[in-house]
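Below, chain A is the first sequence line, B the second, and so on; all start at residue 1.
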Amino acid sequence: MSKEITSRAADYSQWYNDLVLKGELADYSAVRGCMVIKPYGFALWENMRDALDKMFKDTGHVNAYFPLFIPKNFLSKEAAHVEGFAKECAVVTHYRLKNDPNGGGVVVDPEAKLEEELIVRPTSETIIWNTYKDWIQSYRDLPLLINQWANVVRWEMRTRLFLRTAEFLWQEGHTAHATKEEAIEETEKMLDVYATFAEEFMAVPVIKGVKTESERFAGAENTYCIEALMQDGKALQAGTSHFLGQNFAKAFDVKFSNKENQLEYVWATSWGVSTRLVGALVMAHSDDQGLILPPKIAPLQVVIVPIYKGDEQKAQIGVKVDEIIKELKALGIRVKYDDNDNARPGWKFAEYEMKGVPVRLAIGARDLEKNVVEVARRDTKEKNTVSLDGIAGYVQQLLADIQQNMFNKAKLYRDEHITKADSWDEFEKLLDEKGGFISAHWDGTAETEEAIKEKTKATIRCIPLNNSQEEGKCILTGKSSSQRVLFARAY
RNA sequence: CGGGAGGUAGUUCAGCCCGGUAGAAUACCUGGUUUGGGACCAGGGGGUCGCAGGUUCGAAUCCUGUCCUCCCGACCA
């Protein structure tokens, strides 16, 4: 099989596609805009999901599941919400097929038209708040802290594997609170969870911030986000957390009795991350040889490749490898021994590099004699010969080093690509020649934001949290501004 | 949804202009030699040419429609 990968310099988009396809994360499907997540890619997602799920549980949330289908009228109850999603909803109109009387297979049975059409959820606020109405009566029912793992559908015109597909997997947290302050606290807490996950597990540094009004979630009072930077200098929104105010409570009439026995509308949040994170992971770390996966979530952390002449050597190596595997597994390390006889070592090396396995151990007869093993790390491609005594501990430490090194490298790149611009010329030049985040003054109006987008395709990614206040002039209009915001071209 | 490109063996592609027995490399299977960075020899299996119509004695090739993918743009996470 041809396994060559397009270089980043030659064609960044194609490089990304090559990694996803040849790294066996996903495949295209027969359905427009939808992908098949392959076992290796799904194992990666499962590791991400499990880590996130634990963090949600640790912060007091529980999982539940709400329907895939949403009655059409639910969506229209919150004006901004329907405005934001109407253009990309799949709609179920019929409930039955029948044999084509003209003989061409099956057709939709026109007599089986639904009285009320169903929307395939693009997000679940409406169905969930319709349910919460029944669940919440008193302040004693609050807070309600629920998450669901689900698939959602947004009918995108232009799709890209993991980054933007018509159907994707995600989690969506939906919480209800007695006070505004508590809801805002929840919104910020979950943003912190996402940032911690991105940095500690994915080794992707992120900037926490809030969205401007035009980038805000449809139906939210305020949208918080984490923004990551890809190797081509484009930004990617990696997660969002919304303070929904009382918008959905009012739309779905969700009230509670407070301690003074007065009825009040409930305060809400919602927050989500999706399989898009897999795309972020690929683009943040990988190189022209293939994927580079951070050890904490890599499906495989260590692969062992035997190098032998004849069955006798292979058997001897196998005995030693069994011991190594036992030691590694005792430390909870995910390890695979590839003794497949059909592929030679060089082929295997290239294959596992493409798939981003963090550590490779190569062991041959010469190594057995000297009681050593060759250890290769994927992130730096360094190779070392290491004693087999205490190898498991060595590998465990190495995995931790790789995790840290990947984060450091990504952070260095990210930090070098946050640049201040104080004139329009400088701003445009930075966008075209350097990319990354550009920190610049903005007059705070949607009109200016839109004009800048028109001219440069750059959007305001976020207003960083705890942003330092600084007097200045808007990069475009020259009007006064009290703080810098981060602009970038984005995915 | 607009513009461009593409869909032929598991994969990458040639053949199409000019209609006439479906090809190569690689992967796969068998046997053997091999194995420290994508091995080699010999033999073998595998494709209703995206799908549906049409033209024709005859269609991968010409015509029409349709589906899927890629790149660019508009829209959006």
Side-chain angles (χ1 to χ4, degrees), chain A residues 1-6 11-18 20-22 24 27-36 83-89 103-105 122-123 152-168 170 172 211 214-218 220 223 225-228 235-240 242 271-277 279-280 289-290 305-311 313-314 317 338-354 360-368 370 372-374 376 381 383 385 453-454 457 459 461 490-491:
Chain A
M1 195 188 294
S2 169
K3 289 282 195 180
E4 283 185 21
I5 295 170
T6 306
D11 184 342
Y12 192 84
S13 291
Q14 193 56 48
W15 167 78
Y16 174 79
N17 288 332
D18 284 353
V20 171
L21 295 171
K22 292 173 181 173
E24 299 192 323
D27 249 339
Y28 294 111
S29 75
V31 186
R32 179 183 180 79
C34 297
M35 65 175 172
V36 174
E83 173 82 8
F85 286 104
K87 283 175 288 184
E88 50 187 20
C89 286
T123 179
V152 288
V153 169
R154 297 180 188 175
W155 213 261
E156 298 293 343
M157 285 301 142
R158 186 173 173 193
T159 57
R160 301 198 60 192
L161 295 168
F162 287 112
L163 297 175
R164 178 170 289 113
T165 47
E167 180 192 13
F168 56 91
W170 77 345
E172 46 182 325
K211 288 292 190 187
S214 60
E215 297 273 329
R216 197 174 287 160
F217 175 75
T223 287
C225 62
I226 50 170
E227 292 283 328
L236 187 140
Q237 178 177 301
T240 50
H242 314 291
W271 26 275
V273 296
S274 72
T275 37
R276 186 180 224 206
L277 288 178
Q289 276 68 53
V305 176
I307 295 157
Y308 54 89
K309 293 184 169 76
D311 288 342
Q313 279 192 5
K314 185 179 174 184
I317 293 167
D338 187 352
D339 62 348
N340 179 353
D341 205 24
N342 294 330
R344 296 166 81 256
W347 193 91
K348 292 175 184 173
F349 292 174
E351 182 70 13
Y352 290 108
E353 275 163 18
M354 179 149 53
R360 179 186 72 229
L361 304 183
I363 182 163
R366 293 203 309 252
D367 301 312
L368 282 186
K370 295 185 217 156
V372 295
V373 64
E374 181 193 83
K381 300 206 203 73
K383 288 193 274 198
T385 301
K453 187 182 175 186
E454 284 280 313
K457 302 201 190 313
T459 50
R461 301 319 302 158
Y491 278 93

Integer angstrom distance from the [atom1] of [N] to that of [M]:
{"N": "B:rU56", "M": "B:rC51", "atom1": "P", "value": "23 Å"}
{"N": "B:rA14", "M": "B:rU61", "atom1": "C1'", "value": "14 Å"}
{"N": "B:rG50", "M": "B:rG6", "atom1": "C1'", "value": "11 Å"}
{"N": "B:rA42", "M": "B:rG38", "atom1": "C1'", "value": "23 Å"}
{"N": "B:rC63", "M": "B:rA59", "atom1": "P", "value": "16 Å"}
{"N": "B:rC71", "M": "B:rC28", "atom1": "P", "value": "29 Å"}
{"N": "B:rG36", "M": "B:rA52", "atom1": "P", "value": "48 Å"}
{"N": "B:rA74", "M": "B:rG53", "atom1": "P", "value": "40 Å"}

* **B:rA60 pairs with, by Watson-Crick or G-U criteria that keep both distances under 3.5 Å** => none
* Whom does B:rC70 pair with, Watson-Crick or G-U wobble, provided both distances fall under 3.5 Å? -> B:rG4
Nucleotide of [options] approaching [X] most closely (side-chain heavy atoms):
{"X": "A:Ile307", "options": "B:rG36, B:rC70, B:rC72", "result": "B:rG36"}
{"X": "A:Lys453", "options": "B:rG37, B:rC76, B:rG36", "result": "B:rC76"}
{"X": "A:Gln14", "options": "B:rC70, B:rG36, B:rA74", "result": "B:rC70"}
{"X": "A:Asp367", "options": "B:rU35, B:rG38, B:rG36", "result": "B:rG36"}
{"X": "A:Asp341", "options": "B:rU34, B:rA74, B:rC76", "result": "B:rU34"}
{"X": "A:Arg276", "options": "B:rG38, B:rA77, B:rC76", "result": "B:rA77"}
{"X": "A:Glu88", "options": "B:rC76, B:rG36, B:rA77", "result": "B:rC76"}

With a non-hydrogen cut-off below 4.0 angstrom, is [X] in contact with a base, only sugar-phosphate, or nothing?
{"X": "A:Arg216", "result": "nothing"}
{"X": "A:Ala362", "result": "base"}
{"X": "A:Leu163", "result": "base"}
{"X": "A:Lys383", "result": "base"}
{"X": "A:Ala365", "result": "base"}
{"X": "A:Thr165", "result": "base"}
{"X": "A:Glu374", "result": "base"}
{"X": "A:Tyr28", "result": "sugar-phosphate"}
{"X": "A:Glu353", "result": "base"}
{"X": "A:Gly33", "result": "sugar-phosphate"}

Atom [atom1] of [X] to atom [atom2] of [N]: distance rounded to whole Å?
{"X": "A:Ile363", "N": "B:rU35", "atom1": "CD1", "atom2": "P", "value": "18 Å"}
{"X": "A:Leu236", "N": "B:rA77", "atom1": "CG", "atom2": "P", "value": "13 Å"}
{"X": "A:Met157", "N": "B:rC70", "atom1": "CE", "atom2": "P", "value": "15 Å"}
{"X": "A:Phe349", "N": "B:rA39", "atom1": "CZ", "atom2": "P", "value": "11 Å"}
{"X": "A:Lys22", "N": "B:rU26", "atom1": "NZ", "atom2": "P", "value": "17 Å"}
{"X": "A:Phe85", "N": "B:rC75", "atom1": "CZ", "atom2": "P", "value": "17 Å"}
{"X": "A:Asn342", "N": "B:rG10", "atom1": "CG", "atom2": "P", "value": "20 Å"}
{"X": "A:Arg154", "N": "B:rC1", "atom1": "CZ", "atom2": "C1'", "value": "20 Å"}

* **Pair of N/O donor and acceptor under 3.5 Å linking B:rC75 base with A:Arg158 side chain** => no
Check this one for me: any side-chain N or O of [X] less than 4.0 Å away from OP1 or OP2 of [N]?
{"X": "A:Tyr491", "N": "B:rA77", "value": "no"}
{"X": "A:Arg32", "N": "B:rU69", "value": "yes"}
{"X": "A:Arg360", "N": "B:rG37", "value": "no"}
{"X": "A:Arg160", "N": "B:rU69", "value": "no"}
{"X": "A:Lys457", "N": "B:rA74", "value": "yes"}
{"X": "A:Asn17", "N": "B:rC71", "value": "yes"}

[X] side chain near [Y] side chain, heavy-atom distance below 4.5 Å:
{"X": "A:Arg160", "Y": "A:Arg276", "value": "no"}
{"X": "A:Ile317", "Y": "A:Asp367", "value": "no"}
{"X": "A:Met35", "Y": "A:Glu167", "value": "no"}

* Closest approach of A:Tyr308 to A:Asn340 (non-hydrogen atoms, all atoms of both residues) -> OH-O, 4.5 Å
* In terms of side-chain heavy atoms, does A:Arg461 have a donor or acceptor partner in A:Thr459 at a distance below 3.5 Å? -> yes
Got a donor-acceptor contact below 3.5 angstrom from the [X] side chain to the [Y] backbone?
{"X": "A:Arg154", "Y": "A:Glu88", "answer": "no"}
{"X": "A:Tyr491", "Y": "A:Ala280", "answer": "no"}
{"X": "A:Lys22", "Y": "A:Gly290", "answer": "no"}
{"X": "A:Thr275", "Y": "A:Phe168", "answer": "no"}

